[in-house]
Amino acid sequence: MKPRLRFAPSPSGYLHIGGARTALFNWLWARSQGGTFVMRVEDTDQERSSIESVRAILDAFRWLGMDWDEGPEVGGPHGPYFQSERKPIYKELVEGLIREGKAYRCYCTKEELDRQREQLKARNPKAAFVYPGTCRDRTDQPDLPHVVRFKTPREGSTEFVDKVFGAISTPNAAQQDFVLVRTDGYPLYNLAATIDDHLMDITLVARARDHIGNTPQQLLLYRAFGWEPPEFAHLPMMLSPQGDKLSKRHTAVSVQEYRDRGFPPMGVLNYIVRFGWSFGDQEIFGKQQLIEAFGWDRVGKGDGKFDDKKFADVAFEHLKREDLTSLDEYASSVKPFLDARGLTDVPEAALKAAIPGIRERARTLVDAANDLDYYFREPPELDDKARQKFLTKEAAPRLEALAETLSTVEPFTADALEARAKHWAEQQGLSMKDFAQAARVALSGRSASPPLFDVMVVLGRERTLARLRRGAELAKS
RNA sequence: GGCCCCAUCGUCUAGCGGUUAGGACAUCGGCCUCUCACGCCGGUAACGCGGGUUCAAUUCCCGCUGGGGUCGCCA
């Protein structure tokens with residue numbers, strides 16, 4: 001049977017990097033098995049959910065290149081895919097549970113329970129508040145504000161075999177009569193997720209380890225409904241560098257921030273997939289390779305700590321290698337970052353000519369746009385320090401002479417230019433070192449750039465000569 | 001605190017009874033060189049502790065210690 005996987009975001013913000021990883025594992029398995037990847041929006045918390053957030057999350061998915069087969073915008077045979085639109089489904093099923101005595105209405109108010117909880121905490125901060133079961137055996141069901149609670153068995157234990165962690169067993173006594181439906185009639189997570197996973201024919205639920213404690217409750221619900229539960233796979237956590245829960249305080253945690261920093265999408269996916277999953281010594285993967293390599297047997301159990309440096313390096317690796325980011329892809333990816341610098345109509349051909357020279361230098365697309373800037377800005381921005389250091393009185397005549405000697409080079413290629421320049425230098429009793437930096441500043445405005453003659457070729461004969469001469473003028477003054 | 005889970009370099013990890021414990025990032029040297037990079041060569045650096053099992057434990061079992069998760073009318 002083809003597996004059906006899902007990712008079920010709560011639309012209360014951006015797509016968290018940890019959420020992206022969970023989604024990725026699901027998506028990879030679906031894609032590698034020819035299965036189905038379902039996107040379901042868990043918007044039962046009306047206060048926190050927003051449509052902008054749904055949009056942000058879907059945009060992040062698109063940017064990452066993870067497509068969904070069923071869900072928002074694409075529909076599918078198991079809809080609706082917004083939980084807020086599935087209320088009648090939950091309602092009917094919960095009423096069945098109540099009729100069968102497997103759940104009950106609880107009339108205790110949140111305020112009362114909160115008060116009790118706080119009292120207990122005041123006395124013993126480490127004590128766990130457990131619902132006292134006030135309404136558990138109540139026989140009347142008046143039509144007053146209430147929540148619905150599950151009647152958790154007091155005996156026995158709930159067990160399952162996790163695809164990553166193996167056998168996990170939890171005593172039912174450790175579970176309380178958890179709430180299924182709140183006063184406003186909206187279902188809570190465990191109820192809605194269970195019902196939807198079943199109705200949507202989900203075969204494997206893969207999620208982060210912080211959900212491991214929800215699994216027994218959900219299993220209890222499957223049993224109560226008489227349904228066959230799906231398989232479960234829990235992923236080790238992605239922790240902050242300090243080892244606690246990863247949050248904004250530590251680093252950028254939204255996928256969008258990495259996009260804005262100029263990380264390539266596959267760089268992001270590649271870094272997060274290696275978190276809790278490995279494939280021998282291979283660290284860098286293209287998308288197709290990743291789909292083929294992925295498997296649950298190579299998912300580890302230990303939590304990991306987030307490392308910005310490693311992340312940046314993986315992203316860079318993807319930008320650097322043409323087999324991972326093609327020239328076309330690189331060019332179109334860097335465009336928005338050039339736009340942001342005001343370089344809005346960069347010729348495609350020139351851009352593609354310039355990229356190979358900056359690929360191995362630019363660690364992000366932000367860097368790339370910066371490294372490409374002087375090719376497309378006329379005149380190039382001039383770095384003051386570089387000017388003072390290299391555009392000296394001594395340099396002026398050399399730049400003039402260099403422009404002169406290079407003006408007749410044919411063809412205008414790096415090799416030919418280098419040969420001519422070296423020949424000229426030799427005649428003058430000079431070495432590359434005696435004019436290279438001055439020429440670099442003249443050409444790029446900076447003291448660091450790709451090799452001189454490569455820069456010249458990208459600029460073309462006319463601009464090269466003009467910039468060298470302008471450099472000479474600047475050097476005189 | 002109850003319940004659940006985890007444990008190899010600073011970090012991500014390989015290892016699935018016998019290895020000089022491997023790779024990558026980071027870090028420190030060096031080489032290359034027209035600058036900056038890239039690349040290349042090399043160094044420092046790990047099996048948490050204690051018991052078993054075994055001819056042999058990083059590897060299997062138990063305990064301890066340490067770490068994490070969870071205990072909401074959030075998901």
Side-chain angles (χ1 to χ4, degrees), chain A residues 8-12 19 42-45 47-49 106 108-110 113-114 117 124-130 145-149 162 165-166 168-171 173-176 178-184 186-190 192-193 207-216 234 236-237 239 241 243-245 271 274-284 298 300-314 316-317 320 357-363 371 386 390 418 421-422 425 431-441 444 446-453:
Chain A
S10 166
S12 55
E42 309 222 326
D43 57 348
T44 55
D45 188 333
E47 305 227 333
R48 297 192 217 186
S49 302
C106 169
C108 301
T109 64
K110 180 172 173 26
L113 260 18
D114 284 349
R117 193 185 337 262
N124 178 2
K126 289 188 167 174
F129 176 72
V130 178
H146 64 274
V147 300
V148 178
R149 285 182 186 272
D162 189 273
F165 287 96
I168 293 176
S169 171
T170 311
Q175 230 76 255
Q176 52 179 317
F178 53 95
V179 175
L180 299 175
V181 181
R182 51 182 144 196
T183 311
D184 65 9
Y186 275 90
L188 250 16
Y189 169 70
N190 280 130
R207 70 235 299 198
R209 202 194 85 219
D210 52 351
H211 282 290
I212 220 162
N214 285 133
T215 313
H234 288 89
M237 305 276 292
L239 269 17
D244 42 5
K245 211 161 181 171
Y271 178 64
R274 283 284 338 249
F275 237 98
W277 175 83
S278 61
F279 193 70
D281 282 341
Q282 187 176 352
E283 308 221 37
I284 303 298
R298 288 176 169 280
K301 300 176 180 179
D303 294 337
K305 294 176 188 158
F306 198 84
D307 182 359
D308 282 311
K309 289 223 174 82
K310 179 84 176 185
F311 194 171
D313 183 73
V314 172
F316 180 35
E317 202 64 35
K320 198 164 55 191
I358 59 103
R359 261 189 121 109
E360 65 197 39
R361 282 157 244 270
R363 300 184 65 83
D371 288 356
F390 298 112
E418 181 164 5
K422 283 193 166 157
S431 73
M432 281 288 284
K433 281 189 172 32
D434 296 319
F435 66 90
Q437 283 303 77
R440 188 181 317 284
V441 176
S444 69
R446 308 175 183 191
S447 55
S449 82
L452 227 39
F453 306 107

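Quick note on labels: first sequence line is chain A, next is B, and so on, each numbered from 1.
With hydrogens and angles ignored, no donor-acceptor pair closer than 3.5 Å exists between the side chain of A:R117 and the base of B:rG72. Side-chain N/O atoms of A:D281 and base N/O atoms of B:rG22 include a donor-acceptor pair closer than 3.5 Å.
With B:rC73, B:rC38, B:rC71 as the candidates, the nucleotide lying closest to the side chain of A:F316 is B:rC38. Set against B:rC25, B:rG72, B:rU35, the side chain of A:Q176 has B:rG72 as its closest nucleotide. The side chain of A:E42 has B:rA75 as its nearest neighbour among B:rA26, B:rA75, B:rC3. The side chain of A:K310 lies closest to B:rA24 when the candidates are B:rA24, B:rC5, B:rA26. With B:rC5, B:rC3, B:rC73 as the candidates, the nucleotide lying closest to the side chain of A:T183 is B:rC73. Side-chain proximity of A:P451 to B:rC73, B:rU35, B:rA24: nearest is B:rU35. Nearest nucleotide to the A:T170 side chain, out of B:rC3, B:rA14, B:rU35: B:rC3. Comparing B:rU13, B:rU11, B:rC6 against the side chain of A:K301 picks out B:rC6 as the nearest.
Base-pair partner of B:rG10: B:rC25 (Watson-Crick or G-U wobble, both distances under 3.5 Å). Under the Watson-Crick or G-U wobble criterion, with both distances below 3.5 Å, B:rG17 is left unpaired in every strand shown. Pair assignment for B:rC64 gives B:rG48, based on Watson-Crick or G-U wobble hydrogen-bonding distances that are each under 3.5 Å. Summarising the base pairing, B:rA57 is matched to no nucleotide, lacking a Watson-Crick or G-U wobble pair whose two defining distances lie under 3.5 Å.
Taking every heavy atom of both residues into account, A:H234 and A:F165 meet most closely at O-CE1, 3.3 Å. When all heavy atoms of A:D43 and A:S49 are compared, the pair lying nearest together is CA-OG, 3.4 Å. Minimum interatomic distance between A:M237 and A:D210 (heavy atoms only, all atoms of both residues): SD-N, 3.6 Å. The two residues A:K305 and A:F275 come nearest to each other via the heavy atoms O-CZ, 3.1 Å.
Annotation: B:rU8 and B:rG22 have their C1' atoms spaced 11 Å apart (nearest Å). Across B:rC6 and B:rG39, the matching C1' atoms stand 39 Å from one another, rounded to whole Å.
In this structure, A:K305 atom NZ and B:rG69 atom P are separated by 12 Å, rounded to whole Å. Computed from coordinates, the A:D308 CG to B:rC12 P distance equals 13 Å when rounded to whole Å. Note: CD (A:Q437) to P (B:rA37) measures 12 Å, nearest angstrom. In this structure, CD1 of A:I168 is placed 14 Å from C1' of B:rG68, rounded to the nearest angstrom. Rounding to whole angstrom units, CZ of residue A:F306 and P of B:rU13 are separated by 13 Å.
Taking the side-chain contact (heavy atoms from CB on, under 4.5 Å) definition, one finds that A:P145 meets it with A:T183, sequence neighbours left out. Applying the side-chain contact (heavy atoms from CB on, under 4.5 Å) criterion to A:F316, with sequence neighbours excluded, gives A:K320, A:R363.
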Any protein N or O atoms within reach of nucleotides 57-65 of chain B? Criterion: under 3.5 Å, listing atom names and distances.
none

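Counting non-hydrogen atoms under 4.0 angstrom, A:S449 reaches a base of the nucleic acid.
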